[in-house]
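Positions are given from 1 along the sequence. Nothing here was measured: the structure is a model prediction, and the numbers come from that model.
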Amino acid sequence: MALFGKSKKPGDTTSQLPQILPEHVGIIMDGNGRWAKKRGLPRKAGHREGAKTFRTITRYCSDIGIRYLTVYAFSTENWKRPEDEVGSLMRLFKSYLEEALSDFKDDDIVVRFIGDKSGFSPELQALMTENEESSADRDGMVLNIAMNYGSRDEMLRAVRGICAEVQQGNLSPEQIDEKVFSAHLYTAGQPDPDLIIRPSGEYRISNFMLWQAAYTEFVIMNKLWPDFTTDDMDEALQIYSQRNRRYGGV
Ligand code: FPP
């Protein structure tokens, strides 16, 4: 948790953000399909609009001083969707990685991908690596884009990594604690999310950051992701700032 309470715009003294801002925010970008269906459009049109919202909200989070933002873009289960939809998502990711993400340069955003990159085409994998390498030395907000990400898969990988270290004699079973486990996750070295926002009114975690979200505050918003605005973000931050976090204590 961080204390920021920045003004939203330079010189704007009336619209203050809450004093207590989360350090790490996670967003399950849900509702693109329903947004498109409501308008009689193909699902891919919803994903295109969702990508625009992703860009706006990412920039906004960086502007107001959020330190870490993790967005759920494609899960390990999303491959089950029709070929046509998966294909359009891959094309959308490619165009973002080629163009839009370089936009984040001016905002000093560090881009990271969490998930199993090997599931993507060599071209997409190369773009992911390029984006990570070219942004690594920036010192702004860390943006984790979860792609081919599943929390169960992430935890199984951690277990395999830890077992290998034990087998090699570099670690004893007694040394395995929460810190060691966390250090084997994709989010190693990052704080756990303080707040996870799920638009679209669904009350589900959908295999997202299961270990990291042990004490995360959840805010469910009744807005489909393409309709989600910076005002909705402010509302979620306001709700979060009023929560009493006890971490199992009193
Ligand atoms: C879930 O909504 C959304 C997705 C599976 C895709 C999310 C991807 C984007 C917003 C594009 C972001 C782009 C980049 C580069 C990160 P859904 O399709 O399950 O919606 P529904 O529940 O209404 O069907």
Side-chain angles (χ1 to χ4, degrees), residues 1 22-30 67-81 86 89-90 93 97 101 110-138 141-198 202-218 245-249:
M1 189 181 290
E23 187 178 14
H24 187 167
V25 177
I27 304 182
I28 301 177
M29 304 187 288
D30 193 21
R67 297 300 305 154
Y68 296 87
L69 174 67
T70 302
V71 293
Y72 203 6
F74 195 83
S75 77
T76 43
E77 288 74 33
N78 285 153
W79 298 107
K80 289 188 278 199
R81 294 187 174 206
V86 171
L89 274 166
M90 294 304 133
F93 294 146
L97 299 192
L101 290 181
V110 178
V111 181
R112 304 235 3 232
F113 293 92
I114 62 170
D116 181 5
K117 283 191 191 126
S118 71
F120 296 107
S121 68
E123 196 185 13
L124 254 181
Q125 288 183 51
L127 279 167
M128 287 164 135
T129 306
E130 213 178 294
N131 270 278
E132 287 184 323
E133 287 177 357
S134 64
S135 68
D137 293 334
R138 299 182 194 154
M141 181 181 82
V142 174
L143 168 67
N144 295 315
I145 304 180
M147 278 174 54
N148 197 18
Y149 173 87
S151 191
R152 287 185 170 187
D153 178 61
E154 177 184 35
M155 289 195 275
L156 287 175
R157 281 163 190 274
V159 170
R160 282 187 217 113
I162 292 169
C163 286
E165 283 181 40
V166 170
Q167 227 167 20
Q168 287 152 14
N170 298 329
L171 192 70
S172 74
E174 295 70 34
Q175 287 173 308
I176 304 168
D177 58 12
E178 293 188 8
K179 232 171 124 181
V180 168
F181 193 78
S182 296
H184 283 78
L185 298 175
Y186 291 123
T187 49
Q190 302 187 6
D192 288 339
D194 302 292
L195 165 67
I196 289 181
I197 303 168
R198 182 160 192 156
E202 304 281 2
Y203 288 71
R204 266 195 303 278
I205 186 141
S206 303
N207 205 7
F208 184 58
M209 301 187 104
L210 301 179
W211 171 270
Q212 297 92 329
Y215 282 101
T216 298
E217 296 295 324
F218 275 81
R245 302 185 74 188
R246 294 187 294 279
Y247 300 93

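The main-chain N or O of L210 is found under 3.5 Å from a side-chain atom of S151 such that the two form a donor-acceptor pair. Remark: the backbone N or O of R152 is paired with a side-chain donor or acceptor of N207 at under 3.5 angstrom. The closest donor-acceptor contact from the side chain of N131 to the backbone of L97 lies under 3.5 Å. The closest donor-acceptor contact from the side chain of D192 to the backbone of A213 lies at 3.5 Å or more, if one exists at all. For the pair S135 (side chain) and V111 (backbone), a donor-acceptor distance under 3.5 Å is present. Between the Q125 side chain and the F120 main chain, a donor and an acceptor come within less than 3.5 Å of each other. Of the possible polar contacts, one joining the Y72 side chain to the S206 backbone as a donor-acceptor pair under 3.5 Å is found.
Between the CD atom in Q168 and the SG atom in C163 there is a gap of 11.0 Å [rounded to 0.5 Å]. For the atom pair CG (L185) and CD (Q190), the distance works out to 10.5 Å, reported to the nearest 0.5 Å. One finds the CG atom of L143 at 10.5 Å from the CZ atom of R138 (value rounded to the nearest 0.5 Å). Here the CZ-OH distance, from F113 to Y149, works out to 15.5 Å after rounding to the nearest 0.5 Å. A distance of 5.0 Å separates OG1 in T187 from CD in E154, rounded to the nearest 0.5 Å. I162 contributes atom CD1, which lies 5.5 Å from atom CD1 of I176 (distance to the nearest 0.5 angstrom).
Donor-acceptor pairing under 3.5 Å is recorded for the side chains of S182 and W211. Residues Q212 and H24 have side chains that never bring a donor and an acceptor to within less than 3.5 angstrom of each other. In this model, a donor atom of one side chain and an acceptor atom of the other lie less than 3.5 Å apart for Y186 and R157.
Side-chain contact between L171 and V180 is present, with heavy atoms from C-beta onward closer than 4.5 Å. The side-chain heavy atoms of I145 and R112, taken from C-beta on, include no pair separated by under 4.5 Å. Counting heavy atoms from C-beta outward, V25 and Y68 have side chains that stay 4.5 Å or more apart. Side-chain atoms of Y215 and R246, non-hydrogen and from C-beta on, never get closer than 4.5 Å to each other. For the pair L69/I27, a side-chain contact is recorded, criterion being any heavy-atom separation below 4.5 Å from C-beta on. A 4.5 Å side-chain heavy-atom check between R198 and Y203 finds every atom pair outside the cut-off. Side-chain contact between T70 and I114 is present, with heavy atoms from C-beta onward closer than 4.5 Å. P173 has its side chain within reach of V166: a pair of non-hydrogen atoms, C-beta onward, lies under 4.5 Å apart.
Around the CG atom of N170, the shell of radius 6.0 Å holds more than 12 heavy atoms that belong to other residues, nucleotides or ligands.
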* Asked: Should V71 and N144 be marked as a side-chain contact (heavy atoms from CB on, under 4.5 Å) after you check the CA-CA gap, both sets of side-chain angles, and the distance that decides it?
  -> CA-CA 6 Å; V71 293; N144 295 315; over 6 Å; no
* Apply side-chain contact (heavy atoms from CB on, under 4.5 Å) to M128 and M147, showing your working. => CA-CA 10 Å; M128 287 164 135; M147 278 174 54; 3.4 Å; yes
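Between E132 and K117 there is a salt bridge, with a side-chain nitrogen of the basic residue lying less than 4.0 Å from a carboxylate oxygen of the acidic one.
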